[in-house]
There are 2 protein chains.
Amino acid sequence: MFNLLSWKDNLRVTIADVAREAGVSAMTVSRALRDPDKVSEKTRAKIRAVVDRLGYVPDPAASALATGKTNVIGVIVPSVTNNVFSDVMRGIYEVAEGSIWQIQLGNSRYSPLEEENLVRTFLSQRPAGLILSGLDQSNETSRLLRSADCRIVQIMECGPDPYDLMIGFSHVEGSAAATRHLVSAGYRKPGYIAARLDPRSQRRLAGFRKAAEKAGVFEPGRIVTTPRPSTVTLGCELVADLLSKAPDTDAVLCNNDDLALGALFECQRRGLRVPEDIGICGFNDLEMMAVANPPISSVRTFRLDMGREALRMLTEALAGVEPDRPIVDLGYEVMPRRSTARNG
Amino acid sequence: MFNLLSWKDNLRVTIADVAREAGVSAMTVSRALRDPDKVSEKTRAKIRAVVDRLGYVPDPAASALATGKTNVIGVIVPSVTNNVFSDVMRGIYEVAEGSIWQIQLGNSRYSPLEEENLVRTFLSQRPAGLILSGLDQSNETSRLLRSADCRIVQIMECGPDPYDLMIGFSHVEGSAAATRHLVSAGYRKPGYIAARLDPRSQRRLAGFRKAAEKAGVFEPGRIVTTPRPSTVTLGCELVADLLSKAPDTDAVLCNNDDLALGALFECQRRGLRVPEDIGICGFNDLEMMAVANPPISSVRTFRLDMGREALRMLTEALAGVEPDRPIVDLGYEVMPRRSTARNG
DNA sequence: ATAAAAAATGGTAGCGCTAACATTTTGTCA
DNA sequence: TGACAAAATGTTAGCGCTACCATTTTTTAT
């Protein structure tokens with residue numbers, strides 16, 4: 001005799017056990033669980049009772065193999081620590097909670113190559129859907145995605161030619177608006193600091209440049225960047241660098257709020273008055289911006305909503321309900337606060 | 001004839017395709033991939049070539065069904081936005097990257113009930129391992145875990161009677177040490193603020209109490225807590241509350257760094273000098289603490305290491321290498337900074 | 001050279017579930 | 001009440017992979 005039972009000694013309850021106990025066929029159990037309308041009320045109740053008593057939980061692997069589909073939605077973000085993405089993730093998990101959908105999180109660490117590997121791995125698992133960040137995939141990743149047979153949502157940005165669905169906002173416009181705010185607040189020598197120049201950061205920088213040029217206040221010498229990842233400490237360093245290169249700079253638009261907070265700390269250490277001597281504006285509007293001393297102006301983005309909506313659009317599409325529009329622009333909102341209130 | 005092929009029109013490359021092309025049996029292909037030593041060098045090369053050419057990727061669902069095992073390691077954290085956990089996650093993903101192990105992240109949102117559901121769901125997927133936070137699971141969760149046939153790592157805390165492996169530190173001792181630091185810095189009326197009283201927060205509060213009592217400076221009236229989640233803004237509110245209830249408070253130990261930063265902002269808004277009028281100490285030592293004005297004292301914890309080590313221990317155990325000790329205490333380090341430097 | 005041992009490879013069955021079709025039961029209406 | 005449609009349930013086969021054992025090939029020892 002064979003002994004194929006080596007690993008299943010752990011008496012896992014299978015659909016066959018439930019079927020036997022309930023006196024029906026396995027197929028009926030399967031239907032009762034995944035398509036209850038197709039099973040009579042009486043049978044359904046009987047099956048539910050047995051399922052509860054035995055503690056039956058369907059094996060997702062077997063189900064995946066049989067159907068060629070999974071309940072897995074892959075989410076690929078560039079960073080799990082960055083506040084921006086963790087807010088998005090929170091939104092996603094919030095909506096996923098209690099639903100049938102399983103979130104599988106991948107961390108590309110801002111590397112298109114790692115992203116490519118993740119996409120490949122995820123796709124091999126027949127995901128129901130994929131959520132990924134931005135518009136700038138590698139050629140191979142794009143190819144994989146275009147021929148993937150699952151729904152895809154791009155988040156964080158809006159742009160033309162989505163793979164499928166898209167939700168985000170315009171980084172160019174957001175930082176252009178912040179720049180105009182600085183100009184209208186009376187600053188004439190604005191600088192820009194940025195770390196980790198991922199594509200979205202670059203577009204924010206481009207937005208600054210565009211708006212600053214238009215206002216006639218653009219000076220390349222007031223731009224300081226570094227490939228290092230953003231931290232508050234780095235904000236201190238970058239603004240120090242900026243001020244040593246261009247001491248007459250009268251405002252700093254920061255690529256994100258961590259840098260802005262660091263910039264504030266550093267300016268204060270140097271005895272510069274914010275906003276009188278120098279204005280500071282961040283990007284994303286993290287909660288802490290509003291309670292700093294002085295409160296820091298920023299560009300609010302809707303990260304939690306983005307996560308929620310991304311998953312909602314995706315799961316609805318999977319359920320056969322196409323979204324009204326495939327591209328959703330959540331916009332942004334400039335939040336003027338005292339850190340840029342030069343004229344009162 | 002049947003038409004069972006409806007969904008597999010997508011010409012997925014299977015192990016049979018590879019076997020045919022390589023002129024060997026499927027079994028040999030399987031072995032070549034998962035146990036290369038068992039296949040001759042020549043055959044292996046031939047198979048590898050075909051695998052590359054066809055772009056074959058094994059179907060994890062089929063593999064899971066056949067072996068009863070998966071490569072999935074479930075990670076359950078109470079929050080994906082909290083800096084503390086996102087650092088741990090980053091450590092985990094760092095180690096997982098490039099390995100065969102798939103991380104499946106669950107977010108219990110500080111709810112033992114949601115944790116229980118997650119554990120149940122995860123276990124139904126036959127994970128290779130589980131990483132979860134803390135010592136305080138529900139009875140049912142404990143039962144599930146004790147009878148689970150996968151390796152388990154508890155993170156964030158150390159305590160007796162682990163399910164399996166454990167890595168963390170003592171929150172009681174950490175905050176007791178911070179309290180002693182305050183006392184030795186000359187503060188005699190220390191208060192404590194905390195939000196979201198999860199079990200670890202409670203133990204930190206207990207540590208404060210223990211050390212404050214020992215030093216003869218404990219006063220219950222100087223403790224302010226709230227169930228709301230920690231934010232910088234909440235730090236402002238809590239310290240405001242503390243100061244209205246006990247205006248002569250001369251130091252605040254904060255349950256975490258967000259609160260500490262908020263406390264600093266609020267004290268400064270009120271014209272209190274830090275550290276002369278009031279000392280402020282945080283917990284976790286986020287990067288920004290060192291660059292605030294003044295720099296904020298905190299208790300450093302080793303979150304990234306905790307994530308890395310947790311996954312390392314787990315995967316080594318899965319590979320048959322038992323860790324030296326099942327419980328690893330990573331300790332903590334009090335970081336005295338100017339925010340508590342009352343005597344110079 | 002030959003037997004015995006070791007290494008490499010293959011054949012078969014089955015993991016747990018569900019698509020597709022087949023059959024039985026129930027409900028409806030003339 | 002019988003004929004027919006609709007609903008409920010059952011049967012069969014197979015998803016892609018790997019455990020187990022069987023067989024073949026290679027290596028080693030005598």
Side-chain angles (χ1 to χ4, degrees), chain A residues 1-20 22-47 51 54-71 100 124-126 149, chain B residues 1-20 22-47 51 54-71 100 124-126 149:
Chain A
M1 259 327 292
F2 286 81
N3 171 24
L4 287 175
L5 310 184
S6 48
W7 58 260
K8 56 168 277 228
D9 313 340
N10 57 24
L11 28 93
R12 173 176 248 270
V13 180
T14 74
I15 202 170
D17 300 324
V18 177
R20 191 174 353 89
V24 296
S25 74
M27 200 55 234
T28 302
V29 176
S30 175
R31 268 192 291 253
L33 263 41
R34 67 175 34 247
D35 207 354
D37 300 342
K38 291 232 161 65
V39 175
S40 75
E41 175 53 40
K42 216 169 63 181
T43 313
R44 213 187 311 152
K46 197 164 48 180
I47 290 173
V51 164
L54 267 47
Y56 168 69
V57 184
D59 183 331
S63 176
L65 187 56
T67 59
K69 291 176 183 349
T70 63
N71 293 334
I100 61 163
S124 81
Q125 303 183 38
R126 311 166 177 282
D149 70 337
Chain B
M1 261 324 292
F2 285 80
N3 171 24
L4 287 176
L5 310 184
S6 48
W7 58 261
K8 56 167 276 226
D9 313 339
N10 57 24
L11 28 92
R12 176 178 245 272
V13 180
T14 74
I15 202 170
D17 300 325
V18 177
R20 190 174 355 87
V24 297
S25 74
M27 202 51 239
T28 301
V29 176
S30 175
R31 265 190 293 252
L33 264 41
R34 66 175 37 248
D35 207 354
D37 300 341
K38 291 231 162 67
V39 175
S40 74
E41 176 52 41
K42 216 169 62 182
T43 314
R44 215 186 311 152
K46 198 164 49 179
I47 291 173
V51 164
L54 266 49
Y56 168 70
V57 183
D59 183 332
S63 176
L65 187 56
T67 58
K69 290 176 185 346
T70 64
N71 293 334
I100 61 164
S124 81
Q125 303 183 38
R126 311 167 177 282
D149 69 337

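In the text below, chain A, chain B and the rest are named by the order of the sequence lines, each starting its count at 1. Values below: all heavy atoms of this structure, side chains included; hydrogens, waters and symmetry mates excluded. Quick caveat: nothing in here was measured; it's all calculated off a predicted structure.
When distances are taken from the side chain of A:Ala66 to each of D:dT18, D:dC17, D:dG14, the shortest belongs to D:dG14. In the set C:dG16, C:dG10, C:dT9, the nucleotide with an atom closest to the side chain of B:Ser40 is C:dT9. Among the nucleotides C:dA8, C:dG16, D:dT18, the one closest to the side chain of B:Ile15 is D:dT18. The listed nucleotides are D:dG16, C:dC17, D:dT9; the one nearest the side chain of A:Thr43 is D:dT9.
Among the atoms of the strands shown, only primed sugar atoms or phosphate atoms (P, OP1, OP2) are found under 4.0 Å from some heavy atom of A:Arg34. A:Asp37 comes within contact range of the sugar-phosphate backbone alone, with a heavy-atom separation under 4.0 Å but no base atom that close.
Judged by atom type and distance alone, A:Arg126 does not reach the base of D:dG16 through any side-chain donor-acceptor pair under 3.5 Å.
Distance B:Arg20 CZ to C:dG11 C1': 17 Å, rounded to the nearest Å. Rounded to a whole Å, the CZ atom of A:Arg12 is 16 Å from the C1' atom of C:dG14. Computed from coordinates, the B:Arg44 CZ to C:dA7 C1' distance equals 13 Å when rounded to whole Å. What separates CG of B:Asp35 from P of D:dA19 is a distance of 9 Å, to the nearest Å. D:dA7 atom P lies 10 Å from atom NZ of A:Lys38, rounded to whole Å. Whole-Å rounding puts the A:Leu33 CG to D:dT9 P distance at 14 Å. Rounded to an integer number of Å, the gap from CZ of A:Arg31 to P of C:dA19 is 10 Å. Between the CE atom of A:Met27 and the C1' atom of D:dT11 there is a distance of 11 Å, rounded to whole Å.
Contact annotation: the side chain of A:Lys46 never approaches that of A:Lys42 to less than 4.5 Å [non-hydrogen atoms, C-beta and beyond]. Counting heavy atoms from C-beta outward, B:Thr14 and B:Asp59 have side chains that stay 4.5 Å or more apart. Under the 4.5 Å side-chain criterion, counting only non-hydrogen atoms from C-beta, A:Lys69 is not in contact with A:Ser63. Annotation: side chain of B:Tyr56 is in contact with side chain of B:Ile15 (closest heavy-atom distance under 4.5 Å). In this structure the side chain of A:Arg44 never reaches within 4.5 angstrom of the side chain of A:Ser40, judged on heavy atoms.
Judged purely by atom type and a 3.5 angstrom limit, A:Arg12 uses its side chain to pair as donor or acceptor with the backbone of B:Ser124.
Comparing the end axes of the helix from C:dA1-D:dT30 to C:dA30-D:dT1, each fitted to five base pairs by superposing C1' atoms of four pairs onto the next four, gives an inter-axis angle of 20° (nearest 10 degrees).
B:Asp149 and B:Arg126 are not joined by a salt bridge, as no carboxylate oxygen comes within less than 4.0 angstrom of a charged side-chain nitrogen.
Rounding to the nearest 0.5 Å places OG1 of A:Thr67 at 6.5 Å from CZ of A:Arg34.
Phosphate contact (OP1/OP2 of D:dG16, side-chain N/O of B:Ser63, threshold under 4.0 Å): absent. For the OP1/OP2 pair of D:dG10 and a distance below 4.0 Å, the side-chain nitrogens and oxygens of A:Ser25 include at least one atom meeting the criterion. The side chain of A:Thr67 places no N or O atom within less than 4.0 Å of a non-bridging phosphate oxygen (OP1 or OP2) of C:dC17.
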